[in-house]
Amino acid sequence: MSRAVEESNRRMLRARDAMDRAYAQPLDIPTLARIAHVSEAHFIRTFRATFGETPHRYLQHRRVERAMFLLRQTDRSVTEICLDVGFTSLGTFSRTFRAIVGESPTAHRTRGRISNVPTCFTMAWTRPSNFGEAPRDRG
C-alpha cells in the first residue's frame with residue numbers, strides 16, 4: 001500500500017471514528033470533510049471507495065444500530081429513541097429503520113430483550129446489513 005493511500009485511509013478513519021462517537025449529533029459533510037482535511041466532494045468519493053457506502057448511509061446505519069439496541073433493552077418510546085439517536089423526524093426514522101432492518105421499530109421491539117451473551121456475538125448477530133442483502137430471519 002502506498003504512503004498516499006495509507007494517509008487517505010487514516011483520514012477517512014478519523015471521520016468515521018467521529019461519526020461513531022457523535023452519531024446522535026447533527027453531522028454534515030462539511031464538518032466531516034474538515035475532520036478528514038479534504039474537500040467535501042473528495043471526502044464523499046473517498047469515503048465510499050474506502051468503506052463501500054456514503055457517509056450519510058454509514059451514519060444512518062450507526063443510528064439504526066443504536067436504536068435497535070435501545071428498542072429491545074429499554075422501555076422508552078419509539079419517538080424518544082428516534083430523537084436520541086439523531087433523527088429529527090419520526091417518519092424518516094421509521095422509513096430508514098424498515099429499509100435497513102426489514103421491519104418496523106415497533107415490530108423489532110416485540111422480539112423482546114436481547115439475551116445475556118458476549119457483546120461481540122450480539123453485535124454481529126444484530127448488526128444490519130449494509131450491502132443490500134435480504135434481511136435475515138432472526139426469530
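At distances below 3.5 Å, at least one donor-acceptor pair connects side-chain atoms of T110 with backbone N or O atoms of A107. A donor-acceptor pair is defined here as one N or O able to donate and one able to accept, closer than 3.5 Å; no such pair exists between the side chain of S8 and the backbone of A4. Between the side chain of E80 and the backbone N or O of S77 there is at least one donor-acceptor pair closer than 3.5 Å.
Residues satisfying the side chain to side chain donor-acceptor pair (under 3.5 Å) test with H42, not counting sequence neighbours, are T46.
The nearest pair of heavy atoms linking R109 to I81 is NH2-CD1, 3.6 Å. Counting all heavy atoms, side chain and backbone alike, V85 lies closest to A67 at CG1-N, 3.9 Å. Nearest heavy atoms, R98 versus S104: NH2-CB, 3.3 Å. Nearest approach of V38 to R11, heavy atoms of both residues: CG1-NH1, 4.1 Å. Closest approach of F93 to P105, counting heavy atoms only: CE2-CG, 3.7 Å.
Between the side chains of Q60 and R63, not a single donor N or O lies within less than 3.5 Å of an accepting N or O.
Under a hydrophobic clustering in which Ile, Leu, Val, Met, Phe, Trp and Tyr are joined whenever their side-chain heavy atoms come within less than 4.5 Å, directly or via other members, L71 and L90 fall into the same cluster. Side-chain heavy atoms closer than 4.5 Å link hydrophobic residues (I, L, V, M, F, W, Y) into clusters, and following such links, possibly through other members, connects I29 to L27. L83 and I100 end up in different hydrophobic clusters when Ile, Leu, Val, Met, Phe, Trp and Tyr side chains are linked at under 4.5 Å.
Using a 4.5 Å heavy-atom cutoff, the side chains of H56 and F47 are not in contact. Between L32 and F43 there is a side-chain heavy-atom pair separated by less than 4.5 Å.
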Give the intermediate values and the outcome of side chain to side chain contact (heavy atoms under 4.5 Å, CB included) for residues Y58 and F51.
CA-CA 9 Å; Y58 179 82; F51 300 113; 5.6 Å; no
R48 and E53: side chain to side chain contact (heavy atoms under 4.5 Å, CB included), yes or no, with the steps?
CA-CA 5 Å; R48 185 175 191 156; E53 61 187 342; 5.8 Å; no
Go through V64 and F87 one step at a time and tell me if the side chain to side chain contact (heavy atoms under 4.5 Å, CB included) criterion holds.
CA-CA 9 Å; V64 167; F87 284 91; 4.3 Å; yes
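Taking CE from M12 and CD from E7, the interatomic distance works out to 9.5 Å, rounded to the nearest 0.5 Å. To the nearest 0.5 Å, atoms CG (D17) and CZ (R14) are separated by 9.5 Å. Separating the OG1 atom in T96 from the NE2 atom in H61 is a distance of 10.0 Å, to the nearest 0.5 Å. Put simply, CZ on R45 and OG1 on T54 are 14.0 Å apart, with the number rounded to the nearest 0.5 Å.
Other residues, nucleotides and ligands contribute more than 12 heavy atoms inside 6.0 Å of the CZ atom of R57.
Under a cutoff of 6.0 Å and an axis angle of 45°, R62 and Y23 form a cation-pi pair.
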